Structure formats: C-alpha cells, structure tokens
Peer 1: 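This is the structure I have questions about; it appears just below.
The basis for the numbers below is simple: all heavy atoms, side chains too, and nothing from hydrogens, waters or symmetry mates. Chain letters run A, B, ... following the sequence lines, proteins first and then strands; every chain starts at 1. None of these values were measured; they are calculated from a predicted model.
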Amino acid sequence: MAIVKPSLARGTRDFGPELMAKRKYIFNILESAFRKYGFLPFETPAMENLSTLTGKYGEEGDRLIFKILNSGDYLGEVSLQQFETAKADGSRSFTGLVSEKALRYDLTVPFARFVAMNRGSLNFPFKRYQMQPVWRADRPQKGRYREFYQCDADVIGSTSLQHEAELIALYVEAFQKLGLRNFTVRVNNRKFFAPIAQKLGLSGGEQALATPLDKLDKVGAEVVKAELLEAGASTTALDGFFELLAQSSSPNTLAQLCGWLGEEAAALPKAEMEQVWQLLEALQVDTSKVRFDMTLARGLDYYTGTIVEVVTHEVAMGSIGGGGRYDKLTGIFGVDGLSGVGVSFGAERIMDVMEQLQLFPGHIYHACDVLVFHFSESESLHAAAVVARLRAAGVGVEWYSEGNKLKKAFAYAEAKHIPYLAIIGEEEAKTDTVALKNLAAGTQEIMASSQLSQQFIRA
RNA sequence: GUGGAUGUAGCUCAGCUGGUUAGAGCGCUAGUUUGUGGCACUAGAGGUCGCCGGUUCGAACCCGGUCUUUCACCCCA
C-alpha cells in the first residue's frame with residue numbers, strides 16, 4: 001500500500017493528553033453545574049436520518065450539514081433525468097438522491113426528535129444535558145471548527161419562564177466557575193420581531209428584520225439601514241427605530257422599545273422579558289452579567305421566544321454560548337404542544353478563550369502521584385513490591401521501565417508533571433527502603449517502604 | 001460557497017534580484033558526571049523546502065493547479 005503522509009481532515013483536531021486534561025476540566029465543571037440544576041445525562045447517535053435535520057437550521061444551515069453517501073450502488077437508482085435536473089440546480093437536489101443520513105449539526109434537533117419519539121414514556125418537564133461533538137461543513141477559521149463539542153442543557157414540556165431564568169442563572173454560574181470574569185449574557189425575545197417588522201413595513205416578515213439586525217455591531221448602522229430600506233421599510237419608521245438602536249446599551253432600552261412599538265403590540269414580549277428579569281433577581285443572579293439586547297437575533301430558524309447568547313469581552317472570539325426557546329420543534333416531528341428551551345456551551349471556543357486567558361489551574365495535568373525508578377534488574381522485584389503497596393493504599397503510581405539512567409527518569413517525570421520520584425537501588429532494596437524525592441522542592445528523604453504511602457495520604 | 005494571505009528541521013523562524021553540500025535558536029540524543037534532573041560546555045542526529053506539474057542550463061525562490069492554516073464576507077459554538 002502506498003504510504004500516505006499523515007494529516008488531519010480539514011477543520012478537525014486531535015486531543016493529546018494535555019488538551020484532554022483541559023477539556024475534561026471544562027466538562028467536569030459544566031457537568032456538575034448541569035446536575036446541580038436537575039439535568040440528567042443523555043446522548044444520541046452521531047448520525048441521523050437526513051430528513052430529521054434538513055429544514056431546521058435555515059437555508060444556510062442546510063448547506064452546512066455533512067451528508068453521508070449511501071452505501072452500495074448509490075448511483076444505480078438515479079435516472080439520467082434526475083441527474084440532469086440536479087446538475088442544473090447546482091447539485092442541490094442531488095444529495096437527496098444519493099444520501100439519506102447525515103452527521104448531527106447540533107444537539108437540540110436530535111433531542112427534539114427523541115422527545116417526539118418517546119413522548120409516552122417521558123416524565124415532563126424533561127430535562128437533559130448532552131455533551132457531544134457536532135459537525136458543520138463550514139469554512140474553518142480561528143475558533144471555528146468542522147467538528148466541535150457542544151454542551152447543551154434543555155428542558156422540553158414546559159412553557160414556564162422559570163426555565164429561562166434558571167438557564168440564564170446556569171450560564172452565569174458556570175462561566176464564573178470556569179474563571180471567566182468579563183462576559184455578558186445577551187437576552188432578547190423573538191416575539192418583538194414580528195411587531196417591529198410590521199411597524200417598519202417590512203414585507204418579508206421577521207426574518208427580513210432578523211438577518212440584517214444580527215450583524216449590526218459588525219457592519220454598522222448605515223449598512224443595516226440600507227438593507228432594511230431595500231426590504232421595504234418606510235423611512236420615517238426606520239429613523240425612529242435607529243434612534244432606539246443608537247442608545248440600545250442604556251438600561252431603559254426595553255421601555256423605550258416598548259414605547260416605540262406601542263403598549264399593545266409590545267405587550268407579550270415585554271411581559272415575558274420583565275418576568276424573566278424579576279425571576280433572575282429573585283434567584284439572586286448577578287444581573288450585571290445579563291443585558292437586554294434588542295439587536296440579538298440568532299440565525300437558527302426554530303427559536304420562537306426568549307433568545308440568549310454569551311460573549312466574552314476579554315478576547316476576540318465569536319459567541320461562546322447560545323440558546324433560546326423553541327415552541328414548535330417537536331411539532332415538526334408530529335408532536336404539538338411541547339415547548340422547549342435550552343442553552344448551549346461551545347466547548348471548543350471556551351477552551352480557546354481559557355487558553356488565551358490562562359485560566360486553567362496548574363494542577364489539572366498530572367499523570368499520577370509518584371514515579372518509581374529502579375536501577376537494575378536485581379532491584380525490580382523490590383520495586384514491584386513498592387508499586388503494589390502504594391497502589392493498594394490508593395496512590396497513583398507509574399513504574400518506570402527504561403533503563404538505569406536516573407537522569408532520564410527525572411526528565412520523564414517532569415514531562416508528565418509527576419511530583420515525586422521514588423528511587424530504588426542496591427542499598428534501598430537491601431534495607432527495604434525507598435529514596436523519595438520531591439521534584440519541585442528538590443528535597444529527598446530515605447524512608448521505609450512500609451511508611452511510603454503515608455506521605456501521599458497526608459498530601 | 002466567494003475573495004485575499006500563508007506553508008522551509010519536532011517547535012519558532014532566517015534564506016539577499018533563481019546559481020554548488022538549505023541555516024539559526026529552542027528541543028532531541030550522547031558525553032563531561034558507570035546512583036541525583038532543571039545550569040554550563042562538547043559532539044551528534046534530524047529537512048522529498050506542503051503536494052503535483054510547468055518555465056529554465058539550473059527553482060526553497062518564477063508560473064499554474066491542489067491541499068493545509070489563516071483573514072474578510074456569509075453564517076455560527
């Protein structure tokens with residue numbers, strides 16, 4: 001077989017022991033936060049039926065789904081006419097002919113699929129957390145991968161705004177536990193969009209508003225204004241709206257927006273926002289980390305109510321978390337009346353942010369407590385006894401196997417961040433002792449083998 | 001998916017307008033020190049110059065394609 005130069009598929013990465021230590025550190029913090037709020041673990045397959053995924057993420061999203069080619073003679077069933085048609089529409093209809101499975105694009109849709117399938121046997125409101133990779137056929141950039149982990153917490157089967165408030169509380173708590181200080185949970189409500197679009201006179205409905213609005217902070221007011229004009233907005237209404245946007249960082253934004261819309265039109269989303277806010281305060285959430293942001297839109301089609309997104313101000317990075325309420329997601333699978341709400345943590349980006357801010361504590365990467373080293377074969381049985389004795393006492397031990405060079409054992413232990421080296425030579429074997437060296441301090445002590453485990457149990 | 005940049009030793013990078021055996025620092029290996037590292041000194045190993053093709057007497061260097069990474073757009077975690 002030809003030798004292939006080893007390489008990674010585009011947009012993917014390996015996780016060596018050091019990165020794994022960091023990822024597990026993040027996952028452990030998130031997991032304990034999830035459990036603290038009553039969420040239970042849950043997983044779904046990496047691949048779903050293509051029909052489960054398409055149409056849930058918007059047109060752009062559909063394009064980014066990784067499709068899996070059918071097995072066998074997948075071209076045999078395709079007629080020449082179908083082929084020509086597909087060729088004419090830029091291959092769009094072709095995937096449907098040769099692919100019926102795809103890699104999951106997010107964790108929410110598979111979860112909704114599960115709930116719809118198992119509604120009879122679930123205990124509602126059903127709360128689950130899920131930490132698994134998702135795949136997107138996007139063009140990779142910094143902080144943007146084609147395979148990345150999401151950590152989601154969702155509750156399906158309740159319309160209570162308690163869940164919105166609790167999930168925001170969870171966000172604030174988890175990010176603070178991870179060590180992030182300067183971050184904001186942006187909150188908005190999709191129910192504002194229809195009345196705003198109507199007042200502006202947009203023909204395309206709320207989506208015509210959401211897409212341009214979402215990129216306001218990026219492209220600036222003028223560009224957004226131009227796009228909305230093109231979408232049919234009236235000039236006078238637009239001026240009023242941008243006056244609001246110009247001061248959208250003020251704490252009165254919500255009231256101003258509602259004033260502009262009129263009490264009747266704004267009544268529902270306003271009431272929801274206010275209730276969520278009251279609950280946040282009652283839950284003693286640090287609301288300085290939470291901000292109403294009328295420019296937040298979010299791309300995914302399925303959100304219907306409260307939407308949230310988390311950004312950090314300490315490093316340049318896209319959002320590190322996002323979520324919202326979706327009323328009709330299970331409806332697509334034939335089960336109406338099950339509203340859901342959830343949040344997602346972008347593990348990969350959180351990891352990149354924490355890396356840059358050096359938020360990982362130093363102790364998370366160490367293989368075990370002690371490396372046992374013996375000089376020659378004649379001491380190996382004594383060393384084995386020491387190893388066994390330590391492990392029996394619950395101490396993490398690695399037994400060095402490469403030769404008689406103490407120097408190399410030092411380097412090895414250091415590379416794996418093992419704090420202690422237990423040295424066994426002729427003299428130690430004879431007297432049933434061990435020379436225990438603390439690598440960081442450089443101190444060394446001769447002690448009886450039987451006393452050795454005490455050192456670690458104390459520490 | 002569209003446009004721009006990038007790619008030289010394990011890592012970070014030199015390499016003058018194309019000209020013989022492609023360099024440095026760090027790291028690695030061995031030794032000074034046959035049982036005590038993190039310092040110093042000495043020696044050494046390691047490169048199809050991303051890949052494929054073209055121009056040329058001659059290409060790491062010029063041209064085309066391709067892949068990777070990266071930036072902007074799009075979108076998003």
Peer 1: C75(B) P sits how many Å from Ile65(A) CD1, rounded?
Peer 2: 17 Å
Peer 1: Does atom CE (Met447(A)) have a neighbourhood of more than 12 heavy atoms from anything else shown, all under 6.0 Å?
Peer 2: yes
Peer 1: Which pair of heavy atoms, one from Ser344(A) and one from Tyr171(A), lies closest together, and at what distance?
Peer 2: O-OH, 2.7 Å
Peer 1: Holding to ring-ring contact (aromatic ring centres under 6.0 Å, His included), I want the full list of residues that pass it with Tyr37(A), two or more places apart in sequence or in another chain.
Peer 2: none
Peer 1: Could I get the full list of side-chain contact (heavy atoms from CB on, under 4.5 Å) partners for Thr108(A), not counting sequence neighbours?
Peer 2: Asp106(A), Asp152(A), Asp154(A), Tyr302(A), Tyr326(A), Leu329(A)
Peer 1: Would you list the protein and nucleotides 65-70 of chain B atom pairs, both N or O, that sit under 3.5 Å from each other?
Peer 2:
| from | atom 1 | to | atom 2 | distance (Å) |
| --- | --- | --- | --- | --- |
| U68(B) | OP2 | Arg10(A) | NE | 3.4 |
| U69(B) | OP1 | Gly11(A) | N | 2.9 |
| U69(B) | OP2 | Arg10(A) | NE | 3.4 |

Peer 1: Nearest whole angstrom, please: distance from the C1' of U2(B) to the CG of Asp138(A).
Peer 2: 13 Å
Peer 1: What I want to check is whether the side chains of Tyr420(A) and Gln455(A) have a donor and an acceptor closer together than 3.5 Å.
Peer 2: no
Peer 1: Answer yes if the ring centres of Tyr303(A) and Phe193(A) are under 6.0 angstrom apart, and no otherwise.
Peer 2: no
Peer 1: Within the sub-3.5 Å range, which N or O atoms of nucleotides 48-50 of chain B have a protein N or O partner, and how far apart are they?
Peer 2:
| from | atom 1 | to | atom 2 | distance (Å) |
| --- | --- | --- | --- | --- |
| G50(B) | O2' | Lys5(A) | NZ | 2.8 |

Peer 1: Look at the side chain of Arg63(A) and the base of C74(B), then say whether one donor and one acceptor between them are separated by less than 3.5 Å.
Peer 2: no
Peer 1: Roughly how many Å is it from CH2 in Trp135(A) to P in A77(B), rounded to a whole number?
Peer 2: 16 Å
Peer 1: Taking all heavy atoms of Thr330(A) and all of Ala116(A), pick out the closest pair and write down the distance.
Peer 2: O-CB, 4.4 Å
Peer 1: Distances under 3.5 Å between protein N/O atoms and the N/O atoms of nucleotides 42-47 of chain B, please, pair by pair.
Peer 2:
none

Peer 1: What is the distance from CZ of Arg349(A) to C1' of C75(B), rounded to the nearest Å?
Peer 2: 10 Å
Peer 1: Output all residues satisfying side-chain hydrogen bond (donor to acceptor under 3.5 Å, both in side chains) with Arg13(A), sequence neighbours left out; order by chain, then residue number.
Peer 2: Tyr145(A)
Peer 1: Detail all sub-3.5 Å separations between protein N/O atoms and N/O atoms belonging to nucleotides 28-35 of chain B.
Peer 2:
| from | atom 1 | to | atom 2 | distance (Å) |
| --- | --- | --- | --- | --- |
| G35(B) | O6 | Glu426(A) | N | 3.3 |
| G35(B) | O6 | Glu427(A) | N | 3.4 |
| G35(B) | O6 | Glu428(A) | OE1 | 3.3 |
| G35(B) | N1 | Glu428(A) | OE1 | 3.1 |
| G35(B) | N1 | Glu428(A) | OE2 | 3.3 |
| G35(B) | N2 | Glu428(A) | OE2 | 3.1 |

Peer 1: Which whole-number value in Å describes the distance from His417(A) NE2 to G38(B) P?
Peer 2: 17 Å
Peer 1: Just to verify, what does Ser339(A) make a side-chain hydrogen bond (donor to acceptor under 3.5 Å, both in side chains) with, not counting sequence neighbours?
Peer 2: Arg325(A), Asp327(A)
Peer 1: Under 4.0 angstrom, heavy atoms only, what part of the nucleic acid is Gly61(A) near: base, sugar-phosphate, or nothing?
Peer 2: nothing
Peer 1: Quiz question: by atom type and distance under 3.5 Å, do the side chains of Arg186(A) and Thr295(A) form a donor-acceptor pair?
Peer 2: yes
Peer 1: To the nearest Å, how far apart are Phe183(A) CZ and A77(B) P?
Peer 2: 18 Å
Peer 1: So what's A40(B) paired with, Watson-Crick or G-U wobble, going by both distances under 3.5 Å?
Peer 2: U32(B)
Peer 1: Go ahead and name the base partner of C51(B); Watson-Crick or wobble counts if both distances stay under 3.5 Å, otherwise write none.
Peer 2: G65(B)
Peer 1: To the nearest Å, give me how far apart CD1 (Ile307(A)) and P (C76(B)) are.
Peer 2: 11 Å
Peer 1: Under 3.5 Å for both donor-acceptor distances, Watson-Crick or wobble: does U20(B) have a partner, and if so which one?
Peer 2: none
Peer 1: Which residues satisfy the ring-ring contact (aromatic ring centres under 6.0 Å, His included) test with Phe410(A), sequence neighbours excluded?
Peer 2: none
Peer 1: Verify the stacking flag for Phe148(A) against A77(B): centroid separation must be under 5.5 angstrom and the ring planes must differ by under 30 degrees.
Peer 2: yes
Peer 1: Output every pair passing salt bridge (charged side-chain N to carboxylate O under 4.0 Å, His left out) with a member in residues 360-385 of chain A, not counting sequence neighbours, ordered by first then second residue.
Peer 2: none
Peer 1: Please determine if Glu48(A) and Arg113(A) form a salt bridge, counting it only when a charged side-chain N lies under 4.0 Å from a carboxylate O.
Peer 2: yes
Peer 1: Just the rounded figure in Å: distance from P of G1(B) to NZ of Lys67(A).
Peer 2: 11 Å
Peer 1: Taking only residues two or more places apart in sequence or in another chain, which ones pass side-chain hydrogen bond (donor to acceptor under 3.5 Å, both in side chains) with Glu18(A)?
Peer 2: none
Peer 1: Pick base, sugar-phosphate or nothing for Ser344(A), based on heavy-atom distances below 4.0 Å to the nucleic acid.
Peer 2: nothing
Peer 1: Quick one: look up who C26(B) pairs with, Watson-Crick or G-U, both distances under 3.5 Å, and put none if it's unpaired.
Peer 2: G10(B)
Peer 1: Output all residues satisfying side-chain hydrogen bond (donor to acceptor under 3.5 Å, both in side chains) with Asp432(A), sequence neighbours left out; order by chain, then residue number.
Peer 2: Ser449(A)
Peer 1: If pairing requires Watson-Crick or G-U wobble contacts with both distances under 3.5 Å, which nucleotide is the partner of U56(B)?
Peer 2: none
